[in-house]
Amino acid sequence: MEKRHLVLIGNGMAGVRVVEEILKLTPDAFHITIFGNEPYPNYNRIQLSNVLQGKTTVDDIFLNEWEWYRENNITLYTNEAVAKINPKLKTVISSTGRIVAYDELIIATGSSSFILPVPGADKQGVTGFRDIQDCENMMEVARTHKKAVVIGGGLLGLEAARGLIDLGMEVHVVHLMPHLMERQLDETAATMLKEELEAQGMKFLFEKQTSEILGDDRVKGLRFSDGTEIETDLVVMAVGIKPNTQLAKEAGINVNRGIVVNDFMETTTPNVYAVGECAEHREVTYGMVAPLYEQGKVLAQRILGLDVEPYEGTVTGTQLKVSDVDLYSAGEIIDDKSTKAIKVHNEFEGIYKKILVRDNRVVGIVLYGDTKDSTKLFRMLVDKEDVSGKTSASILDSGCCGGGQADMSVDSMPDTEIVCGCNGVSKGTIVEAIQTKGLTTVDQVSSCTNAGRSCGRCKGLVGEILAYTLGDSFDATKANKKTLCGCTTLSRDEVVAEIKEKGMLSTKEVMNVLGWNNEEGCSKCRPALNYYLGMIHPEEYLDERDSRLVNEKMHANIQKDGTYSVVPRMYGGVTNADDLKKIAEVTEKYNIPLVKLTGGQRIALLGVKKEDLTNVWEDLGMPSGYAYGKTLRTVKTCVGSQFCRYGTQDTMQLGIDLEKKFERLDTPHKFKMGVSGCPRNCAESGIKDMGIVGIDGGFELYVGGNGGTDLRAGDLLCTLKTEEEVMEMISSYIQYYRETANYLERTSTWIERVGLEHVKEVLQDAEVRKELTAKLDRSLTRYSEPWNEALKNQQIREKYYKTEEIPVVLV
Amino acid sequence: MIDMPQTLTKVDVGNYQTLAHQAGKVIRLGEKEIVLFKLSTGEVKAVENKSPHPKGGTLADGLVSGSYVYCPLYDWKISLNDGKVQAPDEGQVKTYEVNVEDNRILLTI
Ligand code: SRM
Ligand SMILES: Cc1cc2nc3c(=O)[nH]c(=O)nc-3n(C[C@H](O)[C@H](O)[C@H](O)COP(=O)(O)OP(=O)(O)OC[C@H]3O[C@@H](n4cnc5c(N)ncnc54)[C@H](O)[C@@H]3O)c2cc1C
Ligand code: SF4
Ligand code: FES
């Protein structure tokens with residue numbers, strides 16, 4: 001039977017969570033297509049605050065990488081909005097005119113920043129705070145300008161303001177009300193917060209209403225309704241969000257503030273569902289992930305036709321993600337006649353707690369300075385627990401001074417207590433995962449249970465549960481770090497240091513000595529260890545072919561049906577009649593289905609049968625182009641001074657020389673070069689790992705460029721006079737990258753991590769360059785041409801390339 | 001083309017000694033492609049040379065670790081003992097019984 005087709009509009013947090021839930025329950029129920037308006041895979045929007053504050057990078061906030069979509073057979077269209085839904089025909093039409101039919105349709109378009117409709121709101125330098133693009137805009141302005149104004153003193157506004165301070169800007173927060181976060185905090189807590197933020201350098205303008213944004217094309221200032229003005233180079237609007245409902249409305253689906261759904265997330269139109277910030281359930285639209293994930297769970301089961309309890313709404317709590325501010329609030333915040341409050345205010349230590357109780361039930365929580373009790377109190381609030389038998393001290397475990405014993409509370413925490421509010425994960429679920437799956441790090445717990453995968457606030461508690469569950473075998477530094485892979489608790493740097501120190505010479509030895517929990521490692525660590533060992537001991541280490549993944553092991557790129565591609569070297573993209581003839585003959589002789597010019601200036605033979613590989617190589621008689629390896633790929637060249645009227649340097653020759661020198665060298669990720677003869681850059685030197693641009697009397701070297709998944713323009717490393725200098729600088733640069741990058745870290749990410757200035761500084765020193773070049777030259781002696789080697793070596797041919805035809809003889 | 005026997009039979013598929021460790025050896029039996037893996041323990045495992053991933057592909061050139069092979073195309077971890085795909089993925093590949101007698105590898109098909 002043809003699979004039913006599920007289409008999701010919006011590649012965001014809520015929508016993709018529904019897909020994850022569906023895949024978990026019934027992996028192949030649907031063929032799934034996702035449309036996303038942004039150019040990235042699904043990312044953790046919550047962490048944008050931390051990106052802005054420099055605590056994490058955009059690369060670290062992806063929730064599902066591109067491979068995830070591929071592995072799950074999801075068709076993903078990014079940068080492509082759905083423009084229209086046609087419920088009668090059951091189709092959607094995208095901004096590019098693509099028409100896709102659905103059996104089931106989920107709308108998860110989220111919301112947009114609400115931009116105040118004041119004159120000048122369309123000027124350059126006015127932004128919301130919603131997506132990666134907004135973050136990048138702010139960071140860009142911060143590089144060249146000084147002054148920023150954030151309109152809105154709520155959660156989002158304060159997180160943005162703190163980020164802008166971290167980016168070196170002078171920040172004013174404009175707020176309409178007399179105190180901050182008035183919907184989450186009472187006056188006492190708000191005043192404490194304001195004082196802390198002022199100490200961090202934030203300035204406030206209260207009870208100001210913006211009436212106009214001043215400037216020409218770019219914003220120059222703000223005018224308020226009282227006639228006063230303030231100068232600024234950037235305006236961030238954080239006054240609220242507006243659900244994206246236009247699409248639904250135009251399709252005739254019932255829309256109020258959000259897209260109206262019932263308790264099963266069904267809209268008024270059959271087979272169309274809405275989930276996330278764009279949906280309105282029982283007259284509520286939510287702006288936090290916890291309720292959206294609950295909705296997602298219900299929707300996933302509903303759409304699969306499983307029995308499911310209706311979604312009945314969620315009580316949410318809030319916290320602020322600003323360094324040195326610990327704050328939590330949920331439920332009601334203002335005392336009235338019907339409430340009794342438990343209050344603790346320790347001015348000396350900056351702690352304030354207020355628990356509002358009505359009819360013996362907790363109805364409101366405000367915590368400032370110490371939020372340890374937040375999960376427990378929040379559970380009491382949600383469960384409407386009767387607290388009449390309790391003393392205020394037992395309600396507030398950690399007492400008045402914030403010194404409560406953390407692991408005490410883990411011990412006394414019931415199994416049903418929710419640890420991760422965002423994802424609704426209980427203590428019991430976490431403990432069970434730790435015990436049954438042998439988990440030892442917080443990252444592992446996150447990937448198995450989802451706890452900690454959103455705002456990250458619960459990670460501390462997850463760590464405590466880990467410590468409590470593992471008892472003596474718990475190791476705190478191990479638990480919280482990024483390990484090489486799941487087989488070890490050591491990080492990349494620790495493993496590399498151990499290999500150096502102990503002089504280890506095989507992956508087996510490393511895994512044994514360092515106590516790998518998987519005797520023969522996995523597909524992540526084996527190739528990585530093989531690389532590190534070869535990089536550290538270029539002369540002594542014996543490369544382990546069986547620790548390389550398929551393409552490098554076979555010296556050909558595997559294709560979806562198990563055939564391979566063959567791409568011979570064509571140094572510098574320059575070929576000749578002889579080689580072209582051979583390619584033509586081989587293509588005919590072996591019935592090769594496709595011959596194609598690659599994006600790397602050479603020719604690929606695609607769809608070669610595995611057992612033909614060695615014969616094809618023999619007939620071609622050309623070296624491998626390594627189109628499959630974590631190594632030097634191609635050096636693209638332009639025609640340059642040999643022919644071009646603008647050419648300043650002999651780029652073809654330089655490209656050929658470079659390709660000949662560095663071919664076969666193992667690098668952490670693939671390494672591409674381009675050599676252009678003038679700044680017109682016909683060989684695209686600006687988006688290569690190493691781009692060389694000829695200028696009159698010299699060369700410019702650009703580094704860290706990438707034309708792949710994350711487009712990045714290269715940065716100018718240096719300008720040099722001679723080809724010898726170019727060779728030396730490139731050798732040193734590559735070697736430094738080889739020694740310091742993580743395996744599978746492309747130069748574009750590496751340079752951002754270690755910093756261009758740092759690399760420049762290292763490579764400035766002639767002694768250092770000499771040392772690096774010497775090491776690189778020694779490494780280059782390790783390699784021999786792999787296709788030729790396979791032809792000469794019977795054992796290699798037998799082991800990797802031969803298929804045995806067995807006549808069926810009965811025994 | 002050779003007809004496959006209908007009942008369970010043992011087929012001699014090669015020399016045990018010369019079978020290399022940790023790499024898949026493809027054998028073709030009529031229409032069927034089966035891949036043999038000699039583990040580091042010396043044990044030989046046989047599975048159909050077909051990835052259980054919905055997109056298909058072969059298994060022979062995957063990375064072998066202990067008694068698992070990683071699908072070379074989509075990195076699924078597959079047990080060579082029972083053919084089961086390991087969580088979080090799901091699926092199963094057909095396995096065959098292997099016996100080694102007098103240095104010959106015998107496959108039950
Ligand atoms: C053959 C070729 C496409 C073509 O028909 O032109 C190609 C084919 C593949 N590319 Fe590519 N890339 C090819 C040029 C490029 C280019 C263009 C270029 O080099 O100027 C890029 C963008 C430039 C860049 O890398 O900065 C490119 C960016 C990628 C990426 C993304 C890398 C990144 O860092 O974002 C991948 C995935 C990866 O490496 O992880 C990839 C991966 C692949 C793989 C190896 C996918 C795989 O693992 O099977 C494809 C193999 C197909 C096959 O069956 O052999 N290919 N790929 C090109 C071979 C060039 C060559 O002669 O060696
Ligand atoms: C800076 C910041 C900090 C936050 N902090 C927290 C926090 O600490 N805790 C918390 O719980 N929540 C927090 N949130 C809120 C949380 O991120 C959102 O509630 C959540 O992302 C909403 O998920 P969603 O899927 O409904 O919408 P989104 O994640 O916005 O996803 C919707 C996606 O749909 C796309 N889209 C829209 N229209 C179309 C179309 N026509 N076609 C195709 N695609 C379309 C959008 O581009 C977007 O990518 C924060 C939000 C921000 C911006
Ligand atoms: S990059 Fe410059 S020299 Fe090279 S082909 Fe283009 S215009 Fe000519
Ligand atoms: S509470 Fe937000 S990720 Fe766990």
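Chain letters run A, B, ... following the sequence lines, proteins first and then strands; every chain starts at 1. Scope of the values below: all heavy atoms of this structure, side chains included, with no hydrogens, waters or symmetry mates.
When each of A:Gly521, A:Cys448, A:Ser447 is scored by its heavy-atom pairs under 4.5 Å with chain B, the top score falls to A:Gly521. Ranked by non-hydrogen atom pairs under 4.5 Å with chain A, the options B:Ala20, B:Ser51, B:Gly66, B:Ala60 are led by B:Gly66. Most heavy-atom pairs under 4.5 Å with chain B: of the set A:Arg545, A:Glu519, A:Arg526, A:Met554, this distinction falls to A:Arg526. The greatest number of non-hydrogen atom pairs below 4.5 Å with chain A, out of B:Ala23, B:Pro54, B:Gly24, B:Gly56, is found for B:Ala23.
In this structure, B:Ser40 OG and A:Asp546 CG are separated by 10.5 Å, a value rounded to the nearest 0.5 Å. Distance check: A:Glu520 CD to B:Thr41 OG1 gives 8.0 Å after rounding to the nearest 0.5 Å.
Using a 4.5 Å cut-off between heavy atoms, A:Glu805 touches chain B through backbone and side chain atoms alike. With a 4.5 Å cut-off on non-hydrogen atoms, A:Glu611 touches chain B through its side chain but not through its backbone. For B:His53, the part lying near chain A is the side chain, with the backbone staying farther off; criterion is any non-hydrogen pair under 4.5 Å. Only the backbone of B:Val64 comes within less than 4.5 Å of a heavy atom of chain A; no side-chain atom from C-beta onward does. Proximity to chain B is limited to the side chain of A:Lys610, based on heavy atoms less than 4.5 angstrom apart. Residue contact with chain B, scored on non-hydrogen atoms closer than 4.5 Å, involves the side chain of A:Asn518 exclusively. In this structure, chain B has a heavy atom under 4.5 Å from the side chain of A:Tyr564, while its backbone stays farther away. For A:Arg548, the part lying near chain B is the backbone, with the side chain staying farther off; criterion is any non-hydrogen pair under 4.5 Å.
For the side-chain contact (heavy atoms from CB on, under 4.5 Å) criterion with A:Glu804, the lone passing option out of B:Ile27, B:Leu36, B:Ile34 is B:Ile27. When each of A:Thr563, A:Ile558, A:Val550, A:Asp561 is checked for a side-chain contact (heavy atoms from CB on, under 4.5 Å) with B:Thr58, only A:Ile558 meets the rule.
In terms of heavy-atom proximity, B:Gly62 sits nearest to A:Lys553 at O-NZ, 3.1 Å. Taking both residues in full, the closest heavy atoms of A:Pro527 and B:Leu63 are given as CD-CD1, 4.5 Å, listed atom of the first, atom of the second, then distance. Of all the heavy atoms in A:Pro27 and B:Glu90, the pair that sits closest is CG-OE1, 4.1 Å.
No more than 12 heavy atoms of other residues, nucleotides or ligands lie within 6.0 Å of CG in A:Leu542, so this atom counts as exposed by the packing criterion. Within a 6.0 Å radius of NZ in A:Lys560, other residues, nucleotides and ligands contribute 12 heavy atoms or fewer.
Among the residues in residues 507-516 of chain A, those with a non-hydrogen atom closer than 4.5 angstrom to a non-hydrogen atom of chain B are A:Lys508. Interface with chain A: from residues 71-79 of chain B, residues B:Pro72, B:Leu73, B:Tyr74, B:Asp75, B:Lys77 qualify, criterion being any non-hydrogen pair under 4.5 Å.
When side chains are defined from C-beta on, A:Ile806 counts as touching B:Val11, because their heavy atoms get closer than 4.5 Å. Taking the side chain as every heavy atom from C-beta outward, B:Lys25 and A:Lys802 approach each other to under 4.5 Å.
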